[in-house]
Number of protein chains: 2
Amino acid sequence: MKDDFVPDVVISRLPLYLQELNHLAKEGLHTVSSKVMAARLGTTAAQIRKDLSYFGGFGKQGSGYQIYDLIEQLQKILNMDHVWQVVVVGAGDLGRALTHYQGFASQGIEIVALFDVDPKLVGTQVGSIAVRHVDEMEDELKNLGIKIAILTVPGGVAQEVAEKLVKFGVRAILNYAPVSLMLPEEVHVQHIDPVPHIQKMMYYL
Amino acid sequence: MKDDFVPDVVISRLPLYLQELNHLAKEGLHTVSSKVMAARLGTTAAQIRKDLSYFGGFGKQGSGYQIYDLIEQLQKILNMDHVWQVVVVGAGDLGRALTHYQGFASQGIEIVALFDVDPKLVGTQVGSIAVRHVDEMEDELKNLGIKIAILTVPGGVAQEVAEKLVKFGVRAILNYAPVSLMLPEEVHVQHIDPVPHIQKMMYYL
DNA sequence: TAGATTGTTAATCGATTAACAATC
DNA sequence: TAGATTGTTAATCGATTAACAATC
């Protein structure tokens with residue numbers, strides 16, 4: 001009922017709920033119970049209800065949740081009521097793939113710039129975005145007030161580039177480089193790396 | 001001391017330890033304490049020692065862990081004593097980026113095939129790998145006994161393709177499609193999606 | 001009304017942390 | 001030896017689950 005303190009695990013699950021709700025909406029449904037949601041997400045109904053209850057009572061006894069309503073509520077909770085402009089640093093394959101990934105737009109995420117140091121890449125076009133030199137990053141980040149960056153540079157320079165981003169105002173980094181970034185704790189870092197995921201599965205095989 | 005039961009969270013952390021140890025080795029170090037490791041990974045020394053203790057006592061009082069020795073031990077635990085052949089399904093930007101990602105080889109992961117349905121993509125070359133039609137998947141997977149697949153197809157067909165993979169013998173899927181796959185529970189699934197990660201950070205900004 | 005499902009409390013379960021004897 | 005650091009136990013902390021009164 002109060003947004004006093006919400007465990008981090010709960011926050012991590014909200015985007016998954018939102019995603020599933022979007023799927024349900026696309027299937028033409030208007031209402032869903034915690035039980036059905038749980039089955040589709042591979043969780044438990046109790047957990048979904050508990051998680052949502054940190055933010056309010058969005059359901060109705062007997063019938064469950066209004067899908068469109070809950071989508072709106074979750075979007076508000078996740079600060080999705082405005083579009084967040086995001087930059088990508090590193091114009092390798094991965095950086096380019098992310099730059100024209102179609103799934104961002106509908107989720108309030110807009111890629112506004114792509115940077116690299118390689119003179120062979122600078123100036124080339126990735127969809128509607130031109131690759132620019134990292135030297136121009138400072139101006140761009142400060143002018144647009146960018147708070148979120150995606151990092152797809154080689155591991156060897158990731159720390160250094162991340163520190164620059166922070167210096168220029170970035171407060172959240174999605175890190176695709178295979179290193180643990182050491183940054184001030186007020187900077188949010190999410191690490192994505194296929195290797196540990198695959199290795200984890202290797203253990204179980 | 002016994003591999004009786006090891007919590008899943010612990011398994012998730014082993015690859016991160018391994019990664020950090022590889023970094024330390026590359027920096028020329030031979031020995032490391034749980035305290036130093038913890039500082040570099042942003043964890044606690046107690047957790048690292050506890051995690052490792054599920055598998056044995058690898059350290060020495062007073063001096064810590066032999067880096068090369070611990071790397072070997074972790075590789076053994078994670079079944080990395082042989083190379084795992086992996087296929088990628090979906091030859092879009094992301095699939096191609098992953099197919100020639102340089103970081104796999106050193107971690108015992110070998111991408112052996114890339115499949116798609118798009119006739120414009122089939123036959124094209126991605127590094128040393130030729131894109132093949134999904135119809136050829138069954139033969140390839142069965143012949144090579146492939147157990148691990150990376151899925152980078154559009155969300156709309158991910159479930160269907162995943163079921164095919166399972167039918168052809170795959171037991172672990174790294175899923176880049178923005179959907180929760182519904183598969184038999186003996187199949188291991190790891191889901192990677194930048195959107196939820198960014199949305200989680202949005203909450204905190 | 002009868003059936004379904006919520007939000008919430010209390011009970012359970014599991015993971016993290018602190019502490020320290022053992023020992024290199 | 002003195003200092004450092006392990007592996008492990010016990011204490012703490014936090015998250016999940018079960019249960020159910022409230023109510024649509």
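All values below come from the heavy atoms of this structure, side chains included, with hydrogens, waters and symmetry mates left out. Below, read A as the first sequence line, B as the second, and so on, with proteins coming before strands; counting in each chain starts at 1.
Residues meeting the salt bridge (Lys or Arg N to Asp or Glu O under 4.0 Å) test with A:Arg13, sequence neighbours left out: A:Asp51. For A:Tyr101, the ring-ring contact (aromatic ring centres under 6.0 Å, His included) partners two or more places apart in sequence, or in a different chain, are A:Phe104.
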All N/O pairs under 3.5 Å across the protein-nucleotides 13-17 of chain C interface:
| from | atom 1 | to | atom 2 | distance (Å) |
| --- | --- | --- | --- | --- |
| C:dT16 | OP1 | B:Arg13 | NH1 | 3.0 |
| C:dT16 | OP2 | B:Arg13 | NH2 | 3.0 |
| C:dT16 | O5' | B:Gln47 | NE2 | 3.2 |
| C:dT17 | OP2 | B:Thr44 | OG1 | 3.3 |

Pull out every protein N or O sitting under 3.5 Å from an N or O of nucleotides 20-24 of chain D, one pair per line with the distance.
| from | atom 1 | to | atom 2 | distance (Å) |
| --- | --- | --- | --- | --- |
| D:dT23 | O4' | A:Gln61 | NE2 | 3.3 |
| D:dC24 | O2 | A:Gln61 | O | 3.3 |

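Not one side-chain nitrogen or oxygen of B:Ser33 sits closer than 4.0 Å to the OP1 or OP2 atom of D:dA4.
Computed from coordinates, the A:Phe55 CZ to C:dT6 C1' distance equals 18 Å when rounded to whole Å. As a whole-Å value, the separation of B:Lys35 NZ from D:dG7 C1' is 18 Å. Counting to the nearest Å, the C1' atom of D:dA18 and the CD1 atom of A:Ile48 are 16 Å from each other.
Although no hydrogens or angles enter the test, the distance criterion places no donor-acceptor pair under 3.5 Å between the side chain of B:Asp93 and the main chain of B:Ala97.
The shortest side-chain heavy-atom distance between A:Asn22 and A:Ile71 falls under the 4.5 Å cut-off. Side-chain contact between B:Leu41 and B:Gln19 is absent, with no heavy-atom pair separated by less than 4.5 Å. Side chains of B:Ile111 and B:Leu98 form no contact here, defined as non-hydrogen atoms less than 4.5 Å apart.
Pairs engaging residues 65-95 of chain B under the ring pair (Phe, Tyr, Trp, His ring centres under 6.0 Å) rule: B:His82-B:Trp84 [sequence neighbours left out].
Looking at every heavy atom in both residues, A:Met80 comes nearest to B:Met202 through CG-SD, 3.8 Å. Contact between A:Leu21 and A:Ile67 at its shortest, heavy atoms only, is O-CG2, 3.6 Å.
Other residues, nucleotides and ligands contribute more than 12 heavy atoms inside 6.0 Å of the CD atom of A:Glu27.
Helical stems involving DNA chain C, defined as 3 or more consecutive Watson-Crick or G-U pairs under 3.5 Å, span C:3-24 with D:3-24.
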